[in-house]
Amino acid sequence: MDELRELLTKYALQNAIFYEGKANPGAVMGKVMAAEPELKRRAKEVSALVREIVSEINKMSLEEQKRMLEEMAPELMERKKKEKSHELPELKNAENGVVMRMAPYPSGPLHIGNARMAILNDEYVKRYGGKLFLVYDDTIGSSEKLPDLEAYDLIADGLKWLGIEYHDVFYKSDRIELFYEWAERLIELDGAYVCECSAEELRYNREHGIECEHRHQSVEENMEKWKRMLAGDYEEGKAILRIKTDMKHPNPAFRDRVLFRISKREHPRVGKKYHVWPLLEFSWAVDDHTLGMTHVLRGKDLVMEDLMEQYLWKLFGIEGPEFIHYGMLRIKEAKLSKSKSSKEVKSGEFSGWDDPRTWSLQSLKRRGIRPDAIRSFILSFGLSQSDIEVPAENLYAENRKLIDASTPRRMFVPDPVKIKVKRAPDMKEIELANHPKEGLGTRKIRVGNEIWVSGEDFKAHRGKEIRLKDLFNVMLEEEAEFTSIPNKDIPRIQWVSDPVDVEVVMVDGSVKKGLGEHSLLDLKPDDMVQFERFGFVRIDEVKENMVRAYYAHP
RNA sequence: GCUCCCGUAGUGUAGCGGCCAAUCAUGCCGGCCUUUCGAGCCGGCGACUCGGGUUCAAAUCCCGACGGGAGCACCA
């Protein structure tokens, strides 16, 4: 047997014994090519030979095949498992370090969608070394999207909590004059013009590829009108600075976009100092260059902005960073709109920026979700460009992994129903473990004549024998008959005696009221507990006879 | 309508010409364990959108269809 024939036979035998005695020529071929890449040049010849050998081998019994392989190449008898890592993909041109940025708009706190932007940046800067900047993208916005002074701190708090390390902070609102300088350069390059069309005209012209009269103004005329814009000679909406691209550009979104517009609204940081404000594309074209960015991570909704920035850099003759996009992420249970939440918070409909319905980082913190859980959750999406909708369950699973072992168990009964146990044995106090597996100590529970169970359990098991978990068995009624003490294989339900009032703020903002065991009063805010058969909660407030908690997840 | 992006199990995700008869997580189902419907352990279910092409070889490359998303704001 020649060398090639022997090699092919080994792999064919291996494939056959892995798959019930029947080898597949394609699969064998693949293995062979992977093992001996230099055979690729003789692929046709090899392929024919494999077919021939496989058909021979498939005539043999599985036993014969095994014997033969054992003789020829025993090392191939075992299946090897391949290890795979699930890391973020490499960035191009990042070997010498990176400079990256996070650019939140301060209209509210970061929500879990914004956390993706922050975490991805943080991961890459830590991987390659370099700098990460926080750049508040606080231009004047729009009437639907207003910058808000308290949002600056909410954002910084959220980043800190997430463990994002950044090296410097910038404010767009401090850089307006820099943008003016670059605007004038652009006008001088005849790359932009002042347009006095109305928003409607502009939209119409853009849709139909029509050039308006202003497009043909001279550089001098444009400069003069620009100066008048800065001087305040125009009212809002009466003049804008537009880039000159091509009104017939196949992509309507690319046609002569607006670079600066007039807004006389008051800005929360700089007041009425400026009334000519840049738009995102222009300010970033300048800043991505002047701040020395190497890579920019942004959502897929901003691809047009890449093109505009690149177009501007070319006009200016400067270089800019690489852009990397990720797809749109939605949490199924959350409606990720900052402006909507903002209204509900301001109106008092929500309890604040940490109301669970906002899905802000603050709200997740209040529910007892760990920042590390958010990080693994976010990293599980990688850098994919698909638009995805993920159930919050995935986040909860990550969090559960982190907290389960260290979280004590307690009993809690929502919508309690009081029962009296007749002829109950005299048990003044019992001692229960805080966790079924981990050594988290014990606590004592005083047992009185009156016992409460949850309304739901009462309804479901009324008239039947149930076990009050860790206590004894009863026929479940308002006047419950004691039956026995030893554990039985019947439904086990939670109960409380010597109770304290408990309120649990649920994810939808509603409040679940019930009773919990007395030992809850020993807890402190931020402690996590699992209410058995109810879910994990974070203790938010402990008063004399009342405990308030936030629901985390099942 | 135009432009761009994306289509791998229920949901996400890895893979990016042969080692894929496809990874991992989550979910679901079953078993064990357990005085929680939790956790753990074991086992199972479940996917390359479709049609052409290139190639000895396609989830992977090319073309087309279909499906989803984003942009076309004087928002970011």
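So that the names make sense, note that chain A is the first sequence line, chain B the second, and so on, each numbered from 1. Below, all heavy atoms of this structure are taken into account, side chains as well, without hydrogens, waters or symmetry copies.
- Rounded to the nearest Å, the gap between the P atom of B:G17 and that of B:G1 is 35 Å.
- The separation of B:A57 from B:G12, taken at their P atoms, amounts to 34 Å, rounded to a whole angstrom.
- In the interface, the side chain of A:Glu305 is paired with the base of B:A76 through a donor and an acceptor atom under 3.5 Å apart.
- Checked against B:G7, B:C5, B:C74, the side chain of A:Ile240 finds its nearest nucleotide in B:C74.
- With both pairing distances under 3.5 Å, B:G30 is matched to B:C42 as a Watson-Crick or G-U wobble pair.
- In this entry B:C56 has B:G18 as its Watson-Crick or G-U wobble partner, both defining distances falling under 3.5 Å.
- No donor-acceptor contact under 3.5 Å links the side chain of A:Lys44 to the base of B:C56.
- The aromatic ring of A:Phe381 does not sit over the base of B:G12; the criterion of centres under 5.5 Å apart with planes under 30° is not met.
- Comment: A:Arg409 engages A:Asp404 in a salt bridge, judged by a side-chain N to carboxylate O separation of less than 4.0 angstrom.
- Nucleotides B:G10 and B:C28 are separated by 8 Å at their C1' atoms, to the nearest Å.
- Relative ring orientation between A:Trp277 and A:His267 is described as parallel, the plane-to-plane angle staying below 30° on a 0-90° scale split at 30° and 60°.
- Taking the six-membered ring where tryptophan is involved, the planes of A:His553 and A:Phe536 are tilted, since the angle between them lies from 30° to 60°.
- Here A:Arg467 lies in heavy-atom contact (under 4.0 Å) with a base.
- Checking B:C24 for Watson-Crick or G-U wobble geometry (two distances, each under 3.5 Å) identifies B:G12 as its partner.
- In terms of polar N and O atoms assigned as donor or acceptor, the side chain of A:Arg492 never comes within less than 3.5 Å of the base of B:U36 in a complementary pairing.
- Spacing between atom CD of A:Glu87 and atom P of B:U13 amounts to 18 Å, rounded to whole angstrom units.
- Partner of A:Arg298 under the salt bridge (Lys or Arg N to Asp or Glu O under 4.0 Å) criterion, out of A:Glu322, A:Glu281, A:Glu305, A:Glu309: A:Glu309 alone.
- Taking for each of A:Ser380 and A:Lys469 the nucleotide of RNA chain B with the nearest heavy atom, the 5'-most of the two is the partner of A:Ser380.
- Heavy atoms of A:Glu389 sit under 4.0 angstrom from primed sugar atoms or phosphate atoms, though from no base atom.
- Separating the CD1 atom of A:Ile140 from the P atom of B:C75 is a distance of 10 Å, rounded to the nearest angstrom.
- Closest contact between the side chain of A:Glu398 and the listed nucleotides B:C72, B:A25, B:C75 involves B:A25.
- A:Thr483 and A:Asn473 form no side-chain donor-acceptor contact under 3.5 Å, judged by distance and modelled atom types alone.
- Across the strands present, B:U35 finds no partner; the criterion is a Watson-Crick or G-U wobble pair with both atom distances under 3.5 angstrom.
- For A:Lys437, the listed nucleotide lying nearest its side chain is B:A39; candidates were B:A39, B:A76, B:C75.
- Going from atom CD of A:Glu393 over to atom C1' of B:G10 covers 10 Å, rounded to whole Å.
- To the nearest whole angstrom, the two C1' atoms, one in B:C48 and one in B:U8, are 4 Å apart.
- The P atoms of B:C19 and B:C63 are separated by 25 Å, rounded to the nearest whole Å.
- Nucleotides B:C42 and B:A21 are separated by 26 Å at their P atoms, to the nearest Å.
- Sparse packing is recorded around NZ of A:Lys459, with 12 or fewer heavy atoms of other residues, nucleotides or ligands lying under 6.0 Å away.
- Counting any heavy atom pair closer than 4.0 Å across all strands shown, A:Ala23 reaches a base atom.
- Base engagement by A:Pro436 is indicated by at least one non-hydrogen atom pair under 4.0 Å involving a base atom.
- Remark: the separation of the P atoms in B:G7 and B:C16 is 15 Å, to the nearest Å.
- Backbone-only engagement by A:Ser384 is indicated by non-hydrogen atom pairs under 4.0 Å involving sugar-phosphate atoms exclusively.
- Under the Watson-Crick and G-U wobble criteria, each requiring two contacts below 3.5 Å, nucleotide B:A70 is paired to B:U3.
- Of the candidates B:C75, B:U36, B:U13, B:C75 carries the atom nearest the A:Leu279 side chain, counting heavy atoms from C-beta on.
- Across all strands, A:Arg51 comes closer than 4.0 Å only to sugar-phosphate atoms, never to a base (heavy-atom distances).
- B:C74 atom P lies 6 Å from atom CG of A:Leu202, rounded to whole Å.
- Between A:Phe531 and A:Phe534, the ring planes are tilted. Angles from 30° to 60° get that label.
- Between A:Asp489 atom CG and B:U35 atom P there is a gap of 11 Å when expressed in whole angstrom units.
- Rounding to whole angstrom units, OH of residue A:Tyr19 and C1' of B:C19 are separated by 11 Å.
- Under a 4.0 Å N-O distance rule, the pair A:Arg5/A:Glu52 qualifies as a salt bridge.
- Nearest-nucleotide positions on RNA chain B place A:Asn394 closer to the 5' end than the other of A:Asn394 and A:Phe260.
- Closest to the side chain of A:Lys401, from the set B:A39, B:C74, B:U26, is B:U26.
- Across all strands shown, A:Gly141 has heavy atoms under 4.0 Å from sugar-phosphate atoms exclusively, and none from any base.
- Atom pair A:Met29:CE and B:A21:P shows a separation of 14 Å (rounding to whole Å applied).
- At a threshold of 4.0 angstrom between heavy atoms, the contacts of A:Ile388 are confined to the sugar-phosphate backbone, with no base atom among them.
- Here A:Arg375 pairs with A:Glu123 in a salt bridge; the nearest charged N to carboxylate O distance falls below 4.0 Å.
- Comparing B:C2 with B:A58, their P atoms are spaced 35 Å from each other, to the whole Å.
- In terms of polar N and O atoms assigned as donor or acceptor, the side chain of A:Gln530 comes within less than 3.5 Å of the base of B:U36 in a complementary pairing.
- Base pairing annotation: B:C50 forms a Watson-Crick or G-U wobble pair with B:G64, both donor-acceptor distances under 3.5 Å.
- In this structure, A:Asp470 reaches the bases: a heavy-atom distance under 4.0 Å links it to at least one base atom across the strands shown.
- In the set B:U11, B:C72, B:G71, the nucleotide with an atom closest to the side chain of A:Val390 is B:U11.
- Across the protein-nucleic acid pair, A:Ile210 atom CD1 and B:C72 atom P stand 19 Å apart, rounded to whole Å.
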